[in-house]
Every structure is written in C-alpha cells, then in structure tokens.
Amino acid sequence: MRLIFEKSSPGRRGVSLPELDVPFSAVLDEKYCRKEPACLPEVSELDAVRHFSNLSRMNFSVDTNFYPLGSCTMKYNPKFTEAAAAMDEFSSLHPLLPQLLGGGMLAQGALEVLYNTEHLLCEITGMDAFSTQPLAGAHGELTGVMLVSAYHKDKGRKRKYVIVPDSSHGTNPASASIAGYDVVVVPTGKDGFMDMERYKQVLSEDVAAVMLTCPDTLGFFNPGIKEITDLAHKAGALMYYDGANLNAVLGKCRPADMGFDIMHINLHKTFATPHGGGGPGSGPVGVRGELADFLPISRVVRRDDGTFALDYSRRKTIGYIAPFYGNFGVILKAYAYMLALGKDGLIQVSENAVLSANYCLARLKEHYLPAYAKERCMHECVLSASAQLGKGVHALDIAKYLIDKGFHPPTIYFPLIVKEAMMVEPTETESKEMLDTFIEAMIEASKLAGADPDALHSAPVSMPVKRLDETAAARQPDLRWQAKSK
Amino acid sequence: MNVPEDLLYTKDHEWARIEGDNAVIGITDFAQDSLGDITFIDLPKQGAELKQSEWCATVESVKAASDVYAPLSGQVVKVNSELAEHPELVNKSAYDKGWFAVIKISDMSQKGKLMSPAQYKEYTEGLSK
Amino acid sequence: MNYIPHTDSEKEQMLDAIGVKSVGELFEHILPELRPKSFDLPAGRSEFEVIEYLKSLGRKNSSHLTDFIGGGFYDHYIPSAVDALAGRSEFYTAYTPYQPECSQGWLQAIYEYQTVICELTGLDVSNASLYDGGTALYEAAMMAVRLTGRKKIIVDSGVNLIYRTMLYTYTSNLCVEFVETPVVHGQSCREDIYKHLDDKTAAVIVQNPNFFGAVDDFSDIVRQSHKSGALVIASVYPVSLGMLKTPAEMGVDIATGEGQSMGIPLSFGGPYLGFIAVKKEHMRQLPGRIAGATVDKDGKRGFVLTLQAREQHIRRERATSNICSNEALCALRALIYSSLLGKEGFRQLASMNYQKAEFAKKVLSKIKGVEVKRSSPTFNEFTVCLPINADEAVCRMIDKGFACGFPLGRFYKGLDNYLLVAVTEKRSREEIMRFANSLESVLCA
C-alpha cells in the first residue's frame, strides 16, 4: 500500500481549525522560526480514514486472529474497559492538578483508582506496597533494580552483581546492566531449571539481587523455588520476581510467599489491557517490608478522613521514574478488569490458562519435541522444531505457514537456550475449537516438513507481502520516507 | 571449511596474519558461516589499544550480535573502512577482503597462545560434531 | 464475568487428552507450603456494575475546569477521526510486529510515524517511540554518554524539573556528573554553559520552549558544544515545531520530547508518547524498536523491524536500552493527528497557539499588579508575576472554574508569585476574557 505521504495532494486538509477569534497581533522574530513547514501529508479526512482503516486490516490482532505469542499473554481484552478509560472525567484530567495547593481534592476519583489498584495488586501478590508508576514491564524491572541498589546503599553495602538465569527475558539482564550492575548468567541444568550447583557457586556477598521468572520462560514452575530464594537471602541478596508469567499462578501462589522481595506486573498481560501494537503497557512494581521506603515518589496515600492525597515526603525514595502516576489509562482498564473478575474469576484465569497450555502440549508433543522432554507445563509450552530441522525446515518456516492458516505464530527462537524454539501461550480466553484448529495446523506443518518442505519455505503466500528481506533492511537502513525533491 | 595455512587462530574464531611487526586480523570462515548474513560491524577505532582476548569488534546479523576478541595485543594502525558500506564482504571473503584491522603487535610472545591451522581445523571439527 | 469459554464437558475432554483427572493436578508441583497465605479479593461484578462504579469515581474528579495549565502537558483539540481510527481493534489488540508479513499495517504506520517525527524535528532518524518525554531525555543522555565516552552532562535549568529529576534518578548509580546552568532573563545562560563545557562533557541538554515558555535559538550553544566534542540534546514541544526553528536547523544532535500534544488525551499523566530523533550517524545507538522499508521475495515493498541487534531481546546486558513495550498506539495517534492536520494545518495550529497566547498576554497585562514577563519571546505559554502568592491565586481561580496555570514556586525557589500560563487553540477569546476578569476579581479579593 502507498504511504500516506505518497497519497498527499497539495492543498488538501483532513480537519479544519476554528477561525482565529483574537486579533492577529504579533509576529515572532524570524530567527526563531523554521524556514520550511514540516512536510506532513496533505489528505482529506476520508483519505486518512481509508488509509488507516486499510492499514489496520493488514494486521493480525487478538480481535481477528488467535495470537498464541508465548510470553506475551495475548488474551482477549474486554471492551467495557475501553469505555471506562474513555470517560471524559478521567481522560481529560490534567496530571498537574493534584500538584496544586490543595489540588488533590480535584482528582479524588483518579487517586482512588490508583490507591485501590495498588491494594488489589498487593493482595494478589502478597507484596506490602505497590507503585503504579512504571510505564511498562521493562520499566518496572529497571525501577526494581534501582530499588535493589537503594536498599543496599542504605545498608552501607557495595554489591556488584545481579544473577539471571540464561532462560531469562532479555529485559532482565538489560535492566540490571543499565542500572549499573554486572550481570552473572547461570545456565539451565538438564532438568530445565536453573543449575543449582552453579547458582550456589556464584552466590556471594557481592550479589545484590537474583532476578527470576516463575514459572520460567520455559513454562515450568520450579518446585525448588523456596530454596533459591532462601539461599539468596542468606547471602544478603534480594529476590526479584519478573511478573511476566503471573497469569499462570493467580490465586495458586504468590511471589511474596515464595520469598520474592521485589516484583513487577505487566498489566497488559495478566490484567487484559490491549497491547496496542507494541504498547502502551504498564508495569507496577511491588515490594515487601522496608523496601517500601525506597519506592518512587509520589505515593498515593489515604488520609484519616478517607480522602486521598499524594505524598512526596519520602526521605529514602529513589525519586521520580515517570512524569506522573504511571500509564493511568492502562491502569484504569486493569482495575476495571480486576473488579469484573473478582477473586474466583482470577483463580479461573490461571486454571484455564494452564489447562489450555497443557492441552496444546499434550496434543503436540508427538509432533514437536517438548523442551527438556517434560510432560507438563504451566501457562505456556515451549516446543522445538529441531526434529523438522533435518528436513531443512526451521521454526521460522512453520511460523510463516501458520500465518497462511490465519494464526499469529507462537514466539519463535525464544528462549534462546532451546534450539528452534516455538513458545505457545494460548491463554484462558481461547475456546477448545480454536485450540484444536491451531493444533491441527501445527500437525499439518510438521507433516509438510517431511512431505513438501518447499511449501513451508515459500509461506506465507496469502499476506499483502511475501517473506521480507530483513538482511537488506539492516544493511541499508531505509527508516523514513523522503520527499522526491529533497 | 576453509582454514588457510598462513594464519594463526583463536578458539573464538578470530584469525591473525603476522606481517613483520604487524598483524592483520579478522574472523574465520567458520565464524561467518555460523553468524549468517552479516549486516553491520562495529570496528575498533584507529589508534585504539587492543588487548589479547578482550573486545575488539562486534559483528551484527539480523538476529544476533557477537563480540570479536583481539587475537593479539597491539595498537590499531588501520581499519577496513570498506566494511562500513559492505559488511557482506566478511561473508564472501572472510580471509581476504573481509579483514577487520591491522594492529601493531605489542607483545610477539602472545603468538604462542594462538592455534596453528592444523590445531584450529581439529578444534572446529570437534565443535561441529 | 471471566471471559473463559470452556464448558465443563470441554474441560473434561481437555483433561482426558492431558491424562489428568483434575485441573488441580496441573498445579501439583506448587507445594502446599507455597500456596497463598491469603487471597482476599472482592467478588466479581458485572460490567454494568463496574462501569457505574467507575462513573461514580469519575464524578469525584474536577475534569470540568477550563485549562490554562500546561507545564509540558497541554489541552489540545483531538479530531474525532483520531479516536475512530486508533480505536480500531485491529490496531490496538495487536502486539509488537515481530512477524512482519501479518503486521504490515502496524509496520507501515510506524515507518510513517518515524517520518512525521523526522519532518517535525528536521533530523534523519526516529525510533518507533519511547514511554514519555522524560524517559526519552534520559535515553538521549545515555546515548550521548556512549557516543562520546564521557560522563559529564550540562543541563539547562529551563528543562522541565520533572525531567531533570528523572534524569538524576536513573543515573544515580552510574557516575554521571550533572551540572545545572541557570536561566537568565528567561533564556539559557550561555556564559555559564560555556564555562562548564570541557573535554569531559558528553552533552548539553536544553529545552525549547523552555519550562518558562521562552523560545530560543540554540545554534550558538551547538557550535560551542561541538568545538568541545560534546553533543547537544534538545527536548522540544512538537506543536511548537509547526512554527519554531527545528532542532536540525540549530544543529542539535538528538531531539526528544513529549508527544502528548499530538492527539493524545491528558488522561491524568499517561499513556503518553516519548519521541527521539537523531542524526544518521548516531542511529545505531538509538534505543527501542525501529521500522524499516525493504522488499519481499517478489521485490515488492514491505516493512520490518530492523537494526534489532541493538535491542535487549538479542543483545541482553549489552543492549542500548532495556525497553521492550513502547507506546506504539500513542505513536499511531500522533501519526493520524499529524496526517489530518497536514502540512498547512500544523503550521496554522502552531500560529493559533502563538496568537492566542500573545492575546492573553495583552489582556492579562492590563490587570493591576499583574506583570507579564517579556524578556524573551514565548510560544503558547508564558510567565506572569502576580501581586499575591501564585498558589493562593490558583486556589481562588479553581472556585471560578479555571485551572489557571502552574505556580512556578512549586519547582523554582524564590518564584512564589509567579504563574505559568498556557493558552492552546482550544481557548476562545471569550474564555480568555473571562479568565482575565476572574483573575482580576480574585486578586482584588
């Protein structure tokens, strides 16, 4: 499809502004002005509506396609939460209002949403305090690692290392590293869990924290998790819980009860807010005990008279990590979702997410090698296309074939430690019929790998484009449209 | 796998061709093959002091970024500027047009730590098994 | 309501296929001692009940105030088509376009968004978005540290205090040294910046218009900084770029900013949109996703995420940033907004903001005891000095239905009587006049 810039016709307008109702009275000195107007598209409203409507139809999305993208929890996003976030009483509220003298009273409803959300998250995870400020999961991780650092500094300790397993999300080591720590990677043992011998060797008084996902990115719950957290605590290190996989354990176990000290939650995963083509997400960070002293400011507090206020007077705080109170619109949707589901609904989420993933694993394990030859998984299963590799078929080819069948492919080539990995996370909101048709397509792909590998190599054939040359894109980057005259 | 006889090798798949006081360095055919289509190479700056077995360059493909370590210590006297526009030269000609840099060797005795062509051949055959 | 479709008989069939008798068995490896000590949550409710409850909370917000408050976050008009188009669930229920063939709509939109950011700033390369203007500024500062190998950063105190505070939080363990330079007569103090510039300086950070609303041309600062081998980072307000000199025209190396003003509601602080644009030679140090054009097997144009080797999912602890999810949907809104306004509309929008603010200046300066600061030109926000404490004036104005501005004393010592007033295209002449009349009456009270 042509770019909106290529549809431009000089003089066209997509929206009109009101007539200027004040006298045209001043002219800004030329030296402060741009020489040429920005070369933005010149299109009618209908041009824009057609363009973006048609672009939208060139995407797979949860609302149009099964989207078993492992690690991303692409569950259904209930529509009423959109209606809630669109309410003018929230969407037009200026974030600086509560920072005016006595201004907290101007935003009582919004502050109550934040306060209640934090408290629901505390109960769900067992943590003592939450801050909704982090703007995405990785942002929550970075905030969490900064809390680790503030905590040790407060105790007068200098610690250099953060431990992560080799199966971790890339954001874990990246967050630790940009917060100033050296990263120590512990390999995964033959049983699919972190190698305990190696873990014990690297755990020392120099370790500030251990970052884990539980269940891990292989979709397994480590029954020895308590031993891991106990050992870390014995060494004076903190345990960080990457909440990306929280959907698997809602109501079944809580990070704090397992011995984790700090965590983040991806509201856009577990609590069903839409992923928006890459964001916005929201990554509230929760902590136990005295770590609450270090949480970013402002903190939302409830006063004795039942009103809510912002508190900035936290001596040990790490400071500001976001301009305001987090991605409020996203938090509001997650809050609405939690209220609608309630206690039993949330327990059913994890039970059905795990049921669906195990069903996929049970039916697919004869066709694709399960990671670490395990019979059971939690909310996602990692399969390998390594058996198909002998026929010259890669996980990528299977993924592209699935696209032709109308499925968004699973996450492929992650975790990095599984050869030809395909990570399937069906979520609790997909029906058995949908899972069955997906499983059939996966089985079909495996058969084709033997019978007609070229059919897989040439997929997809039903999309607006065929396979794209990613090497050329990276070698000669073309990252923007340029007007011809330039 | 091509392993020229006139070079020395490291276990991280770098090669060095000693030319008087200098060494030309690059990555091996084995390395370029396992990396796939190379899209970008972050080369050391001219004048930089490299230390044996420490970072000297990063090679990027579409889905990976791999560090390259200096086979010998020394100062960079020349870098292959062709690679900026044509990283694919490393795929096409790992030992010739795809060289990374020339360094002035600071400690000739480090040569002893490098593998001979025969040793490297045996080493890579072991890896492919 | 739990949105789970499985019937009891379907669950039975699934359990049979798995080879277990109950769902409970699937959780057996979570040992009893790890089971929740408590899970005391309210019972679920219907969507009608939840919406009614949230409406009741909404009514506790004073969202009806007429906004003359800005401070980097502005009440601009959002054309209906922005909501209609960005609200298409084929956009908002998709995720990061890892599989390009079934995500061409998103990838093309990101490529178009990148073009808009490049056009507005004049710079060569933009990424697919960052969280907000503050984190964008932090990412830019870290880029400068990596690019120069230096660790000292000069920050003009006209940069939004919120962003400065964020910078200091993020770098508190990184041995980055910050030097703040003062604002004199509303503008960046060259003398002080030059005094601190040296061969250890990674970057000079400025903002245009600055927090006081003052417009500047940083060309001289750029020339001087480049002589010391330092980069210049400018945080800019996109609507103002319909009119103001671009970062590229000033020679700025990295431009960042808050994109909220481009079709994104204020929404009590987020989700917003961080943007970042750089000169081409710096593109490999950019954080986050980037879309690029390429061709498919048949030579047809298509789009992919590119230069991914910079990112955390590949480079892990050596990545340029830890960012994964960004603000794509907000970037889409900014793209649609810019497309609807177009080349002429965007210019006109900026001009209207400027004219309305100039009109408001005139009207307010007629109030006895009110002094409009005129030491430097402004865009759509300006500083007035009141005869009383600005906090107090703001309180009184709320009773009149106005969020009349931001009291500068909250961020700057010694400016207790100063008020920062923003006037966007949404403020009518009548509202401006009422605003002035109300201010006059509360000052007399």
Exercise for the section: Between chain A and each of Gly269(C), Gly342(C), Ala94(C), count heavy-atom pairs under 4.5 Å; write down the option with the most. Expected result: Ala94(C)
Exercise for the section: Could you tell me whether Lys60(C) and Glu112(A) have a side-chain N and a carboxylate O separated by less than 4.0 Å? Expected result: yes
Practice task
Flag the pair Lys466(A) and Glu101(C) as a salt bridge only when some basic side-chain nitrogen lies within less than 4.0 angstrom of an acidic carboxylate oxygen.
Solution key: no
Handout entry: Contact leader toward chain A among Leu307(C), Val295(C), Val394(C), where contacts are heavy-atom pairs under 4.5 Å
Key = Val295(C)
Practice task
Tell me, out of Glu249(C), Gln114(C), Lys300(C), who's got the most heavy-atom pairs with chain A below 4.5 Å.
Solution key: Glu249(C)
Handout entry: Contacting region of Asp298(C) [heavy-atom separation from chain A under 4.5 Å]
Key = side chain
Handout entry: Sidechain N-carboxylate O distance under 4.0 Å for Glu89(A), Lys55(C)
Key = no
Practice task
Tell me, for Arg410(C) versus chain A, whether the close heavy atoms (under 4.5 Å) come from the side chain, the backbone, both or neither.
Solution key: side chain
Handout entry: Pair Tyr111(C) and Trp481(A), ring centroids less than 6.0 Å apart
Key = no
Problem - Portion of Leu120(C) that has a non-hydrogen atom of chain A nearer than 4.5 angstrom - result: both
Problem - Interchain contact, Thr306(C) with chain A, by part (heavy-atom threshold 4.5 Å) - result: side chain
Exercise for the section: Tell me, out of His313(C), Met142(C), Gln99(C), who's got the most heavy-atom pairs with chain A below 4.5 Å. Expected result: Gln99(C)
Exercise for the section: Using non-hydrogen atoms and a 4.5 Å limit, figure out which bit of His29(C) sits close to chain A: side chain, backbone, both or neither. Expected result: both
Fill in the blank from the handout: The interface call for Ser175(A) against chain C, heavy-atom contacts under 4.5 Å, is both
Exercise for the section: Heavy-atom distances under 4.5 Å only: say whether Ile336(C) touches chain A with side chain, backbone, both or neither. Expected result: both
Problem - Proximal component of Leu332(C), with respect to chain A [non-hydrogen, under 4.5 Å] - result: side chain
Exercise for the section: Identify which part of Arg467(A) has an atom lying under 4.5 Å from any heavy atom of chain C, answering side chain, backbone, both or neither. Expected result: both
Exercise for the section: Kindly write out the residues that satisfy side chain to side chain contact (heavy atoms under 4.5 Å, CB included) with Ser89(C), not counting sequence neighbours, or none if the list is empty. Expected result: Asp63(A), Lys79(A), Tyr92(C), Thr93(C)
Practice task
Give the member of Arg347(C), Glu358(C), Lys356(C), Glu344(C) that has the highest number of heavy-atom pairs under 4.5 Å with chain A.
Solution key: Lys356(C)
Practice task
Could you tell me which portion of Ile69(C) (side chain, backbone, both or neither) has an atom closer than 4.5 angstrom to a non-hydrogen atom of chain A?
Solution key: both
Completion exercise
Cut-off 4.5 Å, heavy atoms of chain A, and the answer for Tyr3(C) is both
Practice task
Using a strict 4.0 Å threshold on nitrogen-to-oxygen distance, state whether Glu428(A) and Lys75(A) make a salt bridge.
Solution key: yes
Problem - Polar contact flag, side-chain donor to acceptor under 3.5 angstrom, Arg88(C)-Ser56(A) - result: yes
Practice task
Examine whether an atom of Leu174(C) lies under 4.5 Å from a heavy atom of chain A, and if so say whether it belongs to the side chain, the backbone or both; otherwise answer neither.
Solution key: side chain
Problem - Carboxylate-amine/guanidinium contact Lys252(A) Glu351(A), below 4.0 Å - result: yes
Handout entry: Choice from Leu85(C), Thr165(C), Asp67(C) maximising heavy atom contacts with chain A below 4.5 Å
Key = Leu85(C)
Exercise for the section: Flag yes if more than 12 heavy atoms outside Arg318(C) fall under 6.0 Å of its CZ atom; otherwise flag no. Expected result: yes
Practice task
Using non-hydrogen atoms and a 4.5 Å limit, figure out which bit of Met338(A) sits close to chain C: side chain, backbone, both or neither.
Solution key: neither
Handout entry: Under 4.5 Å from any heavy atom of chain A - which part of Tyr98(C)
Key = side chain
Handout entry: Side-chain ion pair, Asp257(A) and Arg35(C), N-O less than 4.0 Å
Key = no
Practice task
Under 4.5 Å heavy-atom distance to chain C, tell me which part of Ala272(A) shows up: side chain, backbone, both or neither.
Solution key: neither
Exercise for the section: Check each atom of Pro323(A) against the heavy atoms of chain C and say whether the ones under 4.5 Å are side chain, backbone, both or neither. Expected result: both
Practice task
Under 4.5 Å heavy-atom distance to chain C, tell me which part of Ala176(A) shows up: side chain, backbone, both or neither.
Solution key: neither
Problem - Backbone N/O of Val330(A) and side chain of Asn327(A): donor-acceptor pair under 3.5 Å - result: no
Practice task
Indicate whether the side chain of Gln348(A) and that of Asn2(C) have a donor and an acceptor atom separated by less than 3.5 Å.
Solution key: yes
Exercise for the section: With a 4.5 angstrom heavy-atom cut-off, could you sort out which part of Met74(A) is near chain C: side chain, backbone, both or neither? Expected result: side chain
Practice task
Measure the shortest side-chain to side-chain distance between Pro377(C) and Asp29(A) over non-hydrogen atoms and say whether it is less than 4.5 angstrom.
Solution key: no
Practice task
Before accepting this row, confirm whether a basic side-chain N of the pair Lys245(C)/Asp217(C) lies closer than 4.0 Å to the acidic partner's carboxylate O.
Solution key: yes
Exercise for the section: Can you tell which part of Val23(C) gets under 4.5 Å to a heavy atom of chain A, answering side chain, backbone, both or neither? Expected result: side chain
Completion exercise
When the 4.5 angstrom heavy-atom criterion is applied to Ala43(C) and chain A, the contacting part is backbone
Problem - Other residues, nucleotides, ligands: >12 heavy atoms within 6.0 Å of Glu45(A) CD - result: no
Exercise for the section: Measure Tyr67(A) against the heavy atoms of chain C and call it side chain, backbone, both or neither at under 4.5 Å. Expected result: side chain
Practice task
With a 4.5 angstrom heavy-atom cut-off, could you sort out which part of Glu311(C) is near chain A: side chain, backbone, both or neither?
Solution key: neither
